Number of protein chains: 2
Amino acid sequence: MRESPRTQPAKPPLSKEAVLDAGLSVLRAKGIDGVTMRAVAAELDTGPASLYVYVANRQDLLDEMFDQVASQIDLGDEPNAERWREQLVSLLTRILAVLDQHDGIARVPRANVPTAPNTVRVAERVIALLRAGGVDDRSIAWFVDVVFLFINATAYETSIYVEEGVDEERIDEDIRVGFGRLDPDAFPNMFSMMHLLTSGSGEERFSFGLRLMIEGLLHVTPPDIKT
Amino acid sequence: MRESPRTQPAKPPLSKEAVLDAGLSVLRAKGIDGVTMRAVAAELDTGPASLYVYVANRQDLLDEMFDQVASQIDLGDEPNAERWREQLVSLLTRILAVLDQHDGIARVPRANVPTAPNTVRVAERVIALLRAGGVDDRSIAWFVDVVFLFINATAYETSIYVEEGVDEERIDEDIRVGFGRLDPDAFPNMFSMMHLLTSGSGEERFSFGLRLMIEGLLHVTPPDIKT
DNA sequence: ACCTGAACACCGTTCAAGT
DNA sequence: ACCTGAACACCGTTCAAGT
């Protein structure tokens, strides 16, 4: 039996999908800063110049990868007026989880306005849930903005820690050491609250932030939007 | 009268201050991505290698520049229990203003925990104001985290727009065009809210976000922190 | 239309050599 | 101790040349 002369598995022909998949694969392996045109090209056994047929430039590649990731967000049940708040928290938490699973992807978006197909899809559902809860449309409009900014910023911060390879214990330890050097007379409030400032996991702090915003939404007067 | 052979003004000797000032000067002139070791060195009429005596690396340079910027934040009046809320909003708004004035600096911090001297100074005052307002210590601890993340993320987003040279009108226009392409049947909520989603200035949205969080803070039960 | 090699104009950082 | 030139190991993007 003659051996196949192939030394590599047959590689798929180039396509936008192949480029995005290669990008996501490099993201998993080397983090977001590792997603260079050269590295993605190498993954496809070609040179960086070849990618420019399928993506306009590096930012475009990253943007399309982001939307690919956003497509994995599960919207959950249909909005239910009885359970809207729980559904909302759960959806927003799933968004964060998907971003965290694709570490560093949160550093991609250059604006938080949903325009790519899958961010629009998610925003549509968030709005639907808030409407099911009877929240004023004007408040909804601005809340969506704020909460997406918050979710992305949270994932962004986590991705930095992961990149630097520090775990939560290490972070707490560093903060404690930093705070330990503070002058108790100059910073009495920080000093006396040290144990609280370093408390809680990332998840707990995120969920507290969500509670703040949703609770606020239910008590704040809607913005005065002139149309 | 013999002319001075000097073709340039006497340049100050290198020092950490001189390096940071040069960095801030490059930041003003060319934005945060323009703050390269080479550009900062050129500003000081030297080569990039010379900077490594005063800063550990580029990230360290940026971090120190950030704290230099934070030193410009005016803390305002002493906390007053009658006016704490107004004082708080005003301080948080001034923080954003200082970040916006040094465009792109918001893209520097790799963690939002206040450890550098001037971020500690600002955090101390924020905590003092919340205590003056009688807010529970456990809520304060996590609120500080959330609100600093929000402020920085807001400035970050603005800096992207500035970098791309788009003004607010242009952004609204782009969004409207993007939304115009939406399928009204697939995204009925977004479609019907289009005019609200594109409404309001960055300042208005930021201040709405602050109101959400502060209002939430007054109605939420403090987190259950085990110590 | 798609792919490629080579080049251009950059980066941050290191290091041996100077003062 | 401070400063420097030169080099190393990278970048994103363009472009002429090929198929």
Side-chain angles (χ1 to χ4, degrees), chain A residues 6-27 29-66 104-105 107-110 160 163-165, chain B residues 6-27 29-66 104-105 107-110 160 163-165:
Chain A
R6 223 198 272 297
T7 59
Q8 303 229 322
K11 60 173 181 175
L14 281 189
S15 67
K16 183 173 239 172
E17 288 69 39
V19 171
L20 296 188
D21 283 351
L24 288 167
S25 160
V26 174
L27 175 63
K30 307 202 286 182
I32 194 73
D33 291 335
V35 183
T36 64
M37 300 304 272
R38 282 169 159 86
V40 175
E43 185 80 11
L44 295 163
D45 276 316
T46 182
S50 302
L51 306 179
Y52 287 83
V53 180
Y54 305 100
V55 293
N57 49 44
R58 179 169 185 264
Q59 187 61 47
D60 181 38
L61 166 62
L62 294 174
D63 286 341
E64 306 228 36
M65 284 168 56
F66 186 90
I105 200 76
R107 266 177 279 170
V108 166
R110 295 181 67 78
I160 298 283
E163 189 181 82
E164 294 178 351
Chain B
R6 225 197 271 296
T7 61
Q8 304 229 322
K11 59 174 184 175
L14 282 188
S15 67
K16 182 173 242 172
E17 287 71 38
V19 171
L20 297 187
D21 282 352
L24 289 167
S25 161
V26 174
L27 174 63
K30 308 203 284 184
I32 195 73
D33 292 336
V35 182
T36 65
M37 299 305 270
R38 281 170 159 84
V40 174
E43 185 80 12
L44 295 164
D45 277 315
T46 183
S50 301
L51 305 180
Y52 288 82
V53 180
Y54 305 100
V55 293
N57 50 43
R58 178 170 186 264
Q59 188 61 46
D60 180 39
L61 166 61
L62 293 174
D63 286 341
E64 305 228 38
M65 283 168 55
F66 186 90
I105 200 76
R107 267 178 278 169
V108 166
R110 296 181 67 79
I160 299 284
E163 187 180 84
E164 293 178 352

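In what follows, chains are A, B, ... by sequence order, proteins preceding strands, each numbered from 1. Predicted model, so just to flag it, every value in this text is computed and none were measured.
Phosphate contact (OP1/OP2 of dC3(C), side-chain N/O of Thr46(A), threshold under 4.0 Å): absent.
The line from CG of Leu20(B) to CG of Leu27(B) is 12.0 Å long, rounded to the nearest 0.5 Å.
Atom NZ of Lys16(A) and atom P of dA1(C) are 17 Å apart (whole Å). Protein atom CG of Leu14(B) is 18 Å distant from nucleotide atom P of dT19(C), rounded to whole Å.
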Run the side chain to side chain contact (heavy atoms under 4.5 Å, CB included) check on Val108(A) and Gln59(A) step by step: do they pass? CA-CA 8 Å; Val108(A) 166; Gln59(A) 187 61 47; 4.3 Å; yes
Could you walk me through whether Val55(B) and Met37(B) satisfy the side chain to side chain contact (heavy atoms under 4.5 Å, CB included) test, starting with their C-alpha distance in whole Å, then the side-chain angles of each, then the deciding distance to 0.1 Å, before giving a yes or no? CA-CA 10 Å; Val55(B) 293; Met37(B) 299 305 270; 4.1 Å; yes
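Inter-residue side-chain proximity for Arg58(A) and Leu51(A) is flagged as unmet; no heavy-atom pair is nearer than 4.5 Å. Side-chain contact check for Val53(B) versus Lys16(B): every heavy-atom pair is 4.5 Å or farther apart.
Annotation: side chain to side chain donor-acceptor pair (under 3.5 Å) contacts of Arg110(B) (sequence neighbours excluded): Glu163(A), Glu164(A).
In this structure, dC10(C) forms no base pair with any nucleotide, since neither Watson-Crick nor G-U wobble geometry is met with both distances under 3.5 Å. Base pairing of dG5(D): its partner is dC15(C), meeting the Watson-Crick or G-U wobble criterion (both donor-acceptor distances under 3.5 Å).
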What does the B/S/- profile of nucleotides 9-14 of chain C look like, 5' to 3', with a 4.0 Å heavy-atom cutoff to protein? --BBBB
